[in-house]
Protein chains: 2
Amino acid sequence: MRRRDPKGRLEALQAVVAALAHPARRQILLTVHLRGGSMTAGGIAGRFAHAWPTTTRHMRVLEAAGLLSHERVGRTRVYRIDHSRLDHLKEWLSWFDDAPKRRAKRRR
Amino acid sequence: MRRRDPKGRLEALQAVVAALAHPARRQILLTVHLRGGSMTAGGIAGRFAHAWPTTTRHMRVLEAAGLLSHERVGRTRVYRIDHSRLDHLKEWLSWFDDAPKRRAKRRR
DNA sequence: CAAATATTGAGCCGATTGGCTAAATGTCGT
DNA sequence: ACGACATTTAGCCAATCGGCTCAATATTTG
């Protein structure tokens, strides 16, 4: 029930939501996912209007957030999606699922 | 099944995720929610370390994203949460729920 | 009406973001 | 070893962000 390391979880949530805040990064993630979960850097960059280094940087942000990882294969780098980190966000969102559950704190 | 206005939906998603990208704004939203769904501006601002106008600005961002709305009551303003917009984000996240569903597009 | 209260608006300012181009790095084929 | 290819690193620069302080605007109360 991963309830360990609340500080780390907060940071992870922050990294994830910040990474998703940019449309290009959301699209990168979705593109890789829909194409089977992994793509080369060039395959990704080729699909975007941005200059290649710009897209590379977005990938670095996604990787720093733990949403993407990469592996070198010959002279290409293959990026693989890891959507387990998205659970942090889903978990946060689930606070809003039911009617507000007032906590054990006297109302003022 | 709200499938209308794809452009508007994209913009809404962007506004929502950008609004949630800041920890103070996430906390404002959660605070209002947990306290029953509505609070005065002062009630909110009083709980944060930031200067009051700073928090006010965060509230404006949340309101622009459709996550908060307000109503004037006497000399106070009561903010009310509207978490229906969070569904845009949940919907986007749901792309990643199952194994990648390759679309009707020949693989290369 | 004047003073107190509740809240926002205006505007400054340093830090971060996200685009770009040019150069560096690493690998493959000849 | 050399040249072509795949990708990243470095660094510039304009725009946005998010803090702040100091007004400005309602609204209630005396």
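Note that the coordinates shown come from a computational prediction; the quantities given were computed from them, not determined experimentally. As a basis for the values below, the full set of heavy atoms in this structure was taken, side chains included, without hydrogen atoms, waters or symmetry mates. The sequence lines fix the lettering, A, B, ..., with proteins before strands; numbering per chain opens at 1.
Note: CG (A/Leu68) to C1' (D/dT8) measures 15 Å, nearest angstrom. One atom, CE of A/Met39, and another, C1' of D/dA6, lie 15 Å apart when rounded to the nearest Å. Atom CZ of B/Arg57 is separated from atom P of D/dG19 by 8 Å (rounded to the nearest Å). Rounding to whole angstrom units, CZ of residue A/Phe48 and C1' of C/dG19 are separated by 15 Å. Rounded to whole Å, the distance from NE2 on A/His50 to C1' on D/dT8 is 18 Å.
Among A/His58, A/Arg57, A/Met59, the one residue that satisfies the side-chain contact (heavy atoms from CB on, under 4.5 Å) test with A/Arg25 is A/His58.
A heavy atom lying under 4.0 Å from DNA chain C marks none of the residues of residues 15-30 of chain B.
Considering every non-hydrogen atom in both A/Ala19 and A/Leu62, the closest pair reads CB-CD2, 4.1 Å. Taking all atoms of both residues into account, the shortest heavy-atom contact from B/Ala21 to A/Ala21 is CB-CB, 3.9 Å.
Note on ring orientation: taking the six-membered ring where Trp is involved, the planes of A/His83 and B/Phe96 are tilted (angle from 30° to 60°). The aromatic rings of A/His22 and A/His50 sit perpendicular, their planes meeting at an angle over 60°, well past the 30° parallel limit. The aromatic rings of A/His70 and A/Tyr79 sit tilted relative to each other, their planes meeting at an angle between 30° and 60°.
The 5' end of DNA chain C is approached more closely, in terms of each residue's nearest nucleotide, by A/Ala51 than by the other of A/Ala51 and A/Val73.
In this model, no side-chain donor or acceptor of A/Arg72 finds a partner on the base of C/dG26 within 3.5 Å.
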Provide a list of protein-nucleic acid N or O atom pairs under 3.5 angstrom, restricted to nucleotides 6-10 of chain C.
unit_1 : atom_1 : unit_2  : atom_2 : d
C/dT7  : OP1    : B/Arg77 : N      : 3.4
C/dT7  : OP2    : B/Gly42 : N      : 2.9
C/dT8  : OP1    : B/Tyr79 : OH     : 2.4
C/dT8  : OP2    : B/Thr56 : OG1    : 2.8
C/dG9  : OP2    : B/Arg60 : NH1    : 2.4

For this session: Any chance you could lay out the salt bridge (charged side-chain N to carboxylate O under 4.0 Å, His left out) test for A/Arg9 and A/Asp87, step after step, and finish with the verdict?
Result: CA-CA 11 Å; A/Arg9 285 179 65 72; A/Asp87 292 347; over 6 Å; no
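Checked by atom type, the side-chain pair B/Arg26/A/Gln14 shows a donor-acceptor distance below 3.5 Å.
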